[in-house]
Amino acid sequence: MAQATKEPCKKEACDIQACLSKNNFLPQKCLKVIELLDSCCAKCNYNSTHCASLSGLLKQKPKG
């Protein structure tokens with residue numbers, strides 16, 4: 001039986017992994033894609049398995 005809804009925010013989470021791989025796993029170089037995932041998670045009320053790791057990434061974001 002197929003899942004009714006696709007996992008929300010999967011694309012954004014994959015984009016972060018790709019960005020981190022290309023940038024020596026430095027989250028500060030991937031803030032744009034991290035913010036896109038944050039935005040996606042906010043839209044789906046953080047109802048995605050991909051939003052769980054987001055809090056750790058956001059903690060590394062410089063406060064401005």
With a 4.5 Å cut-off on side-chain heavy atoms, are D15 and L36 touching? no
To the nearest 0.5 Å, atom SG of C40 lies from atom NZ of K11 at 10.0 Å
Requested in this report: Return yes when the gap between the SG atoms of C9 and C44 is under 2.5 Å; return no otherwise.
Outcome: no
All heavy atoms of P8 vs all of N47, minimum pair found to be CG-O, 3.5 Å
Requested in this report: Determine whether C30 and N23 make a side-chain contact, defined as any pair of heavy atoms from C-beta on separated by less than 4.5 Å.
Outcome: yes
Check: How far apart are the C-alpha atoms of E7 and H50, what are their side-chain angles, what is the distance that settles it, and do they pass the side chain to side chain contact (heavy atoms under 4.5 Å, CB included) test?
Finding: CA-CA 8 Å; E7 179 67 45; H50 301 291; 3.3 Å; yes
Is it true that a side-chain atom of S21 and a backbone atom of Q17 form a donor plus acceptor pair closer than 3.5 Å?
yes
Taken to the nearest 0.5 Å, the spacing of C51 SG from K43 NZ works out to 11.5 Å
Note to self: If you define the side chain from C-beta out and look only at heavy atoms, does anything of I34 sit under 4.5 Å from I16?
What the structure shows: yes
(Q) Would D38 and L54 count as a side chain to side chain contact (heavy atoms under 4.5 Å, CB included) here? Give the steps. (A) CA-CA 7 Å; D38 185 37; L54 185 62; 3.5 Å; yes
